[in-house]
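This one's a predicted model, so the numbers in the text were calculated from it and none came from an experiment.
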Amino acid sequence: MLKPLIFANFMIRYFFTLIFAFVILFAKAQKSPSKIELIHANTLEGDDALGKDVRRLLGDVVFKQENTFMYCDSAYLYSATNSMDAFGNVRIEQGDTISLTGDILKYNGNSRQARLLNNIVFSDRKMTLISQNLNYNLDTGIADYIEGGQIVDGTDTLTSRFGTYFSNQKKLAFKKDVVLKHPGHRMETDTLVYGTVSKVAEFYGPCYIRSNDSSVIYCENGWYNTATDKAFFSKNAFVQNKNQILKGDSLFFDNNTSAGEAFKNVSITDTTEKVVVNSDYGNYNGEKGYSFMTGNLLMTKMFEKDSLFMHGDSLISLFDSTGKAISYAVYHNVRMYKKDLQATCDSLIYTAADSLLFLYHNPVLWNEANQLTADTISMLISSEGIRKLFLNQAAFITSKEDSIRFNQLRGKTMVGYFEDNMLSKIDVFGNGQSIYFARNKKNELTGVNRADCSNMIIIIKDSKISKLKLIEKPDATFYPIGELSASELMLKGFNWQENKRPVDKNDIFRKN
């Protein structure tokens with residue numbers, strides 16, 4: 001029984017609250033509007049042509065209604081309708097905050113609605129509105145224009161075709177051809193709300209912010225604080241400078257430091273290096289010249305005919321004061337895929353100045369049938385693709401001859417040369433060793449060549465050793481198939497890692 005009683009008491013209180021609210025509203029609605037008072041005029045005349053309750057006033061005319069004073073050179077006062085028309089040097093003073101001037105005023109004292117025409121200046125302490133056609137309600141404090149207007153607020157200047165000023169809330173709403181000029185920046189949009197106290201501009205539609213340094217910000221929803229130069233952008237948002245484009249579902253940006261954070265569907269495009277990095281989160285600092293990205297990271301390096309796709313846990317990029325890239329570093333669990341080249345390692349660095357890509361910590365690289373390993377691997381890259389390859393310390397190249405046999409090449413360091421992105425030549429320096437199998441014209445295995453030589457030159461054709469040139473102190477022997485044991489057919493450091501090899505660009509997200 002308790003719950004129905006509580007509900008009944010609540011409904012009774014709610015009912016009387018509504019009644020009380022309606023009584024107040026009704027009382028306000030029934031309140032008689034005050035009459036327009038004539039305070040001063042040099043000359044007062046009746047004008048029977050316009051009506052018996054019409055007065056024509058000339059010279060230093062002053063009217064008053066409640067806390068509002070109205071000034072003009074001449075006027076018509078319509079007592080029957082509690083309205084007036086004023087002409088010449090029109091001025092409205094409302095309290096000690098709002099002042100309006102213009103050439104013509106049409107004012108209704110009952111509705112407290114004023115319409116001003118020509119050379120209008122609306123001042124609210126620090127803010128000034130300029131227009132040629134303005135409506136202003138003295139009760140609600142709302143002013144609007146429909147034939148173009150300009151707002152000057154400190155260092156900010158706003159122009160638009162349509163505008164509304166809410167003086168009580170200290171806010172302005174603009175529509176159509178909106179332009180906000182702020183020192184160093186120009187904002188162009190279709191719909192904007194601006195706070196004269198908060199200095200925050202909110203935009204609801206396509207918006208461009210252009211800076212003096214030629215950078216551009218675009219979004220379709222967000223806000224910009226002209227006092228702090230901090231902003232939030234969403235819906236197709238991007239920040240673009242001469243060399244880079246930063247995108248994200250939502251962007252927080254500080255124009256003072258060119259620093260920002262991006263969330264969801266984040267991307268940085270380097271138009272100079274033709275690199276695109278995608279992630280879930282990005283942190284960008286133009287002043288310090290770095291960016292950090294993580295979460296489903298994908299770095300794409302575009303070449304003339306195809307692209308190299310790289311994935312890792314996170315990425316740090318460095319760039320100079322113009323936004324030009326210096327280097328990209330991808331850290332931990334790195335995997336990459338290109339149609340003719342795949343790799344895994346713990347971390348990699350790409351340096352833009354010399355177009356070198358470095359792979360660190362257990363790097364493995366595959367080019368067609370060849371697997372390449374070393375302590376570190378570096379590649380020289382051009383717009384066409386890989387030009388040169390460097391295997392530094394414990395260099396090893398392996399290719400599979402059949403299910404149980406492997407061609408192998410081992411040395412201290414190696415330099416590989418590419419033609420059409422295919423490994424064509426290898427120079428071996430220091431402690432060179434090789435094992436490769438020979439076949440006859442019928443493609444039958446005939447034996448195995450085993451060679452030890454300090455330095456070697458190997459010619460590769462169709463991903464296989466075509467020629468072997470031994471440079472210093474060669475020791476080479478050809479053995480028939482079956483003569484060497486399995487252990488003798490494996491060079492020190494042999495490690496076949498085909499299971500790690502990415503099979504396509506989606507497979508780079510697979511953990512090793």
Side-chain angles (χ1 to χ4, degrees), residues 125-127 151-160 163 165-166 169-174 178-269 277 279-295 316-323:
R125 291 186 177 174
K126 294 182 180 180
M127 187 280 301
I151 304 293
V152 179
D153 184 35
T155 58
D156 298 333
T157 301
L158 298 100
T159 58
S160 68
Y165 176 47
F166 304 89
Q169 292 79 31
K170 306 298 181 187
K171 281 197 171 185
L172 298 119
F174 302 92
V178 184
V179 177
L180 167 58
K181 293 180 181 179
H182 179 67
H185 310 290
R186 175 188 172 94
M187 183 184 298
E188 302 168 0
T189 186
D190 181 69
T191 304
L192 184 143
V193 176
Y194 177 78
T196 60
V197 175
S198 66
K199 307 297 181 185
V200 173
E202 304 168 37
F203 21 88
Y204 306 92
C207 176
Y208 287 92
I209 302 174
R210 308 180 193 276
S211 301
N212 290 348
D213 61 1
S214 300
S215 64
V216 177
I217 299 171
Y218 175 83
C219 73
E220 293 170 13
N221 192 279
W223 54 262
Y224 187 101
N225 190 316
T226 62
T228 64
D229 275 331
K230 293 182 179 179
F232 168 78
F233 309 110
S234 64
K235 200 172 181 183
N236 300 317
F238 69 78
V239 179
Q240 180 177 2
N241 58 29
K242 292 179 181 178
N243 301 287
Q244 293 180 326
I245 304 171
L246 169 65
K247 293 182 179 181
D249 284 359
S250 57
L251 299 174
F252 290 93
F253 197 73
D254 186 338
N255 244 333
N256 288 314
T257 59
S258 294
E261 281 189 291
F263 300 87
K264 290 188 178 180
N265 297 312
V266 180
S267 71
I268 292 182
T269 302
V277 185
S279 68
D280 292 333
Y281 169 79
N283 186 308
Y284 177 92
N285 193 308
E287 189 174 71
K288 294 183 179 180
Y290 83 88
S291 64
F292 169 80
M293 303 178 73
T294 189
I316 293 176
S317 64
L318 304 178
F319 45 88
D320 63 21
S321 58
T322 68

Pairs involving residues 182-193, ordered by first then second residue, that meet salt bridge (Lys or Arg N to Asp or Glu O under 4.0 Å) (sequence neighbours left out):
Lys175-Asp190, Arg186-Glu188, Glu188-Arg210

Side chain to side chain contact (heavy atoms under 4.5 Å, CB included) filter on Ser198, not counting sequence neighbours, yields Val200

Sorted by chain and number, sequence neighbours left out, ring pair (Phe, Tyr, Trp, His ring centres under 6.0 Å) with Tyr165 holds for Phe122

For Tyr224, ring pair (Phe, Tyr, Trp, His ring centres under 6.0 Å) partners two or more places apart:
none

Sequence neighbours excluded, which residues qualify as salt bridge (charged side-chain N to carboxylate O under 4.0 Å, His left out) partners of Asp153?
Lys199

Got a donor-acceptor contact below 3.5 angstrom from the Ser234 side chain to the Asn221 backbone?
yes

His182 (side chain) donor-acceptor with Thr226 (main chain) under 3.5 angstrom
yes

All side chain to side chain contact (heavy atoms under 4.5 Å, CB included) counterparts of Ser279, not counting sequence neighbours:
Val266, Met293, Leu297

Please list, chain by chain and in numerical order, all residues satisfying side chain to side chain contact (heavy atoms under 4.5 Å, CB included) with Leu318, sequence neighbours excluded.
Tyr290, Ile316, Ile326, Ser327

For Asn256, check side chain to side chain contact (heavy atoms under 4.5 Å, CB included) against everything at least two apart and list the hits.
Asp229, Asp254

Using modelled atom types and a 3.5 Å cut-off, is there a donor and acceptor pairing between side-chain atoms of Ser291 and backbone atoms of Asn283?
no

The salt bridge (charged side-chain N to carboxylate O under 4.0 Å, His left out) partners of Lys247 (sequence neighbours excluded) come to none

For residues 188-222, the ring pair (Phe, Tyr, Trp, His ring centres under 6.0 Å) pairs (sequence neighbours left out) are Tyr208-Tyr218, Tyr218-Phe238

Listed partners of Lys170 passing salt bridge (charged side-chain N to carboxylate O under 4.0 Å, His left out), at least two apart:
Asp124

Atom CD1 of Ile209 and atom CD1 of Ile217: how far apart are they, to the nearest 0.5 Å?
5.0 Å

Under the salt bridge (charged side-chain N to carboxylate O under 4.0 Å, His left out) test, which residues partner Lys171, sequence neighbours left out?
Glu202

Search all heavy atoms of Ser160 against all heavy atoms of Phe174 and return the closest pair with its distance.
OG-CD2, 3.2 Å

Side chains of Thr159 and Val178: closer than 4.5 Å at any heavy-atom pair?
no

